[in-house]
Amino acid sequence: MKYVSTRGAAPILGFDDVVLTGLARDGGLYVPQFWPRLSDENLRAMAQLNYPALAARVMAPFAGPSVQEPDLRAITGAAYADFDHPLVAPLKRLGPKLWLLELFHGPTLAFKDFALQILGRLFDLILARRGERITIVGATSGDTGSAAIEACRDRAFVEIFILHPKGRVTEVQRRQMTTVDAPNVHNIAIEGTFDDCQDLVKAMFNDTAFRERMNLAAVNSINWARILAQITYYIHAALTLGGPGQPVAFAVPTGNFGNVFAAFAAHRLGAPISHLVVGSNRNDILTRFFDSGRMEMGAVFPTLSPSMDIQVSSNFERLLFELYDRDGATVAGLMGEFREHRAFQVDRARWQRAKGLFSACRIDDEATTDAIRAIYDETGELLDPHSAIGVAAARAIRKDDGVPVVAVATAHPAKFPDAVERATGFRPPLPPRLADLMDRPERYTALPADLGAVEDHIVASRDARKARA
Ligand SMILES: *Cc1c(COP(=O)(O)O)cnc(C)c1O
């Protein structure tokens, strides 16, 4: 598969280059040059596969010829062997025609493990062939940092540096990063805010000399391989509950639009999916878009579901590219307008087309807490606040068409114990793999929010490792 930019003016790349490249050179995001189509026969064969084998089959047409299905099978087998549930992504029935897709059985208890565990291994495979090394730098306010660290620990050709704002992440979140004992993992606690951390990462990527010297790479959700790895669980769930001729719907708690775009991709491939519900919290730019056709940036408010506290959903650009029939110049124009005027409007026909598949629903903190309590009372299941938004959105938008709705559970309730306890009076315990988290030794370096100090530290840490190797 070849990949093109959503803005139409960057070089066309193969899969291995796309995995190593973040943003396209024209500022766009890479997408496959076309969507392969799965026949009913393909889908029936897929329904027989276990999760890791299905993941390799789904990825194969997108990864070839750079990476072939046998290599993919080795990667998916190793990645998902470490999940805590034998089914990897189990479905649980919550009520009539309402299901929960549990995506929190990975090493860091959030759905991001599904993609990052694959991405870390793809890095090693591709870098070993090329005889290259990369340095990953990222900023985190919570979930992504720990999932990226777990994915890159002990990878032979990867050094990873994650910046977090000192004293401003929860203790569980900090410890999930700082207790990982691997020589290529480097945590930096910045004396500043999350924005300071993000500004430092941006500045490092803009420092061309540093960027080239360190071969910097990113693991954020604009990386196509992350979207690709997430397509599998939608196909898996759709084939488990539906099948050719029997569609299902999904309700997805959404921030950067990466997860729900993977659901869109599954639909485009031909999986039996008839409807997608986008759940937002108070930061409801996407809900407002689907209500009006107008994308308009607002202020970001902190909520009970911090991984969705976002106003600019970067992956939405990939949907825009499809709505405009892959016209990169038009997408570039709209994104330029968005940057300049903090808003853009899509024309009526495109907006109607989007609404043919998507609907959206805003669930504020109060409704989130009510949903956690209601589901606990009705079923005994504890939901984290993000997953509760998925369930509440599924119920709010429910159509009477007999189609089963699958709410996507993106995090384990023990990651957000305060919100769960407030709603139910019950504090969810950490699962066994993290039970001793509070007793493990921590490793991190505290640094001022100063570009020179951070770059010097990164160079020195990498050189020290090289000298020992
Ligand atoms: C990242 C995250 C989300 C949002 O996913 P996007 O792909 O950014 O839309 C939702 N819930 C949890 C728990 C997350 O970590």
Side-chain angles (χ1 to χ4, degrees), residues 29 89 100-117 119 138-151 169-170 172-173 176-177 194 219-231 233-234 250-266 276-287 289-290 300 303-319 358 360-363 368 371-372 382-393 407-417 419-420 428:
L29 277 61
L100 192 68
L101 177 61
E102 292 186 351
L103 300 181
F104 51 70
H105 296 287
T108 72
L109 315 182
F111 84 94
K112 293 189 170 71
D113 290 327
F114 275 84
L116 284 163
Q117 286 292 320
L119 184 61
T140 192
S141 58
D143 286 347
T144 310
S146 57
I149 285 174
E150 276 297 333
V169 299
T170 69
V172 169
Q173 285 175 326
Q176 278 191 296
M177 299 190 282
F194 173 59
V219 289
N220 47 20
S221 73
I222 59 166
N223 192 310
W224 165 253
R226 282 188 61 181
I227 307 283
L228 175 57
Q230 291 171 182
I231 297 173
Y233 46 73
Y234 291 106
F250 288 96
V252 187
T254 295
N256 229 339
F257 209 77
N259 202 4
V260 75
F261 188 80
F264 170 82
L276 296 173
V277 182
V278 174
S280 334
N281 60 25
R282 186 180 170 193
N283 301 294
D284 61 351
I285 182 169
L286 289 167
T287 304
F289 171 79
F290 286 107
V300 179
T303 70
L304 292 176
S305 42
S307 299
M308 297 160 60
D309 290 347
I310 284 174
Q311 278 292 338
V312 180
S313 302
S314 355
N315 277 293
F316 188 82
E317 186 169 338
R318 289 186 158 119
L319 181 67
F358 289 92
C361 187
R362 164 194 155 124
I363 308 290
T368 303
I372 297 174
L382 291 174
L383 297 179
D384 101 286
H386 305 80
S387 309
I389 287 174
V391 173
V408 176
T410 50
H412 191 287
K415 279 200 109 161
F416 300 92
V420 176

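Both ligands and their constituent atoms are indexed starting at 1 by order of listing. Here the structure is a predicted model, which means the values were calculated and not measured. FYI, the numbering just counts along the sequence from 1.
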Original post:
For ligand 1, is there an atom lying under 4.0 Å from some heavy atom of Phe111?
Top reply: yes
Subject >> Element-labelled atoms of ligand 1 that are located less than 4.0 Å from some non-hydrogen atom of Lys112 >> reply: 1 (C), 2 (C), 3 (C), 14 (C), 15 (O)
**OP:** Please state whether the rings of Phe264 and Phe358 are parallel, tilted or perpendicular, taking 30° and 60° as the class boundaries.
**Re:** parallel
**OP:** Look at the aromatic rings of Phe290 and Phe257 and report parallel, tilted or perpendicular, splitting at 30° and 60°.
**Re:** parallel
Original post:
Considering distance alone, does some N or O of Gly255 sit under 3.5 Å from an N or O of ligand 1?
Top reply: yes
Subject >> Numbered atoms and elements of ligand 1 in range of Thr254, under 4.0 angstrom, heavy atoms >> reply: 9 (O)
Original post:
Between the side chains of Asn283 and Asp309, does any donor sit under 3.5 Å from an acceptor?
Top reply: yes
Original post:
Which protein heavy atom lies closest to atom 8 (O) of ligand 1, and at what distance to 0.1 Å?
Top reply: Asn256 N, 2.7 Å
Subject >> Proximal atoms of ligand 1 relative to Gly258 (non-hydrogen, under 4.0 Å) >> reply: 6 (P), 7 (O), 9 (O)
Original post:
Which one of Val278, Asp384, Thr410 has a non-hydrogen atom at the shortest distance from atom 13 (C) of ligand 1?
Top reply: Thr410
Subject >> Test ring pair (Phe, Tyr, Trp, His ring centres under 6.0 Å) applied to Phe250 and Phe261, Tyr233, Tyr234, the passing residue >> reply: Tyr234
Subject >> Phe257 N/O to ligand 1 N/O under 3.5 Å >> reply: yes
Original post:
How about Leu119 and Arg226: do any of their side-chain heavy atoms sit closer than 4.5 Å?
Top reply: yes
Original post:
Looking at atom 7 (O) of ligand 1, what's its closest protein heavy atom, distance included?
Top reply: Asn259 N, 2.9 Å
Original post:
Taking the non-hydrogen atoms of Pro253, is any one of them nearer than 4.0 angstrom to ligand 1?
Top reply: yes
Original post:
If you look at every heavy atom in Thr108 and Lys415, which pair is closest and at what distance?
Top reply: O-NZ, 2.8 Å
Original post:
Is there a side-chain contact between Asn281 and Thr368 (heavy atoms, below 4.5 Å)?
Top reply: no
**OP:** Would you check if Met308 and Thr303 make a side-chain contact, meaning some heavy-atom pair closer than 4.5 Å?
**Re:** no
Subject >> Interfacing atoms of ligand 1 (cut-off 4.0 Å, heavy-atom, Ala411) >> reply: 13 (C)
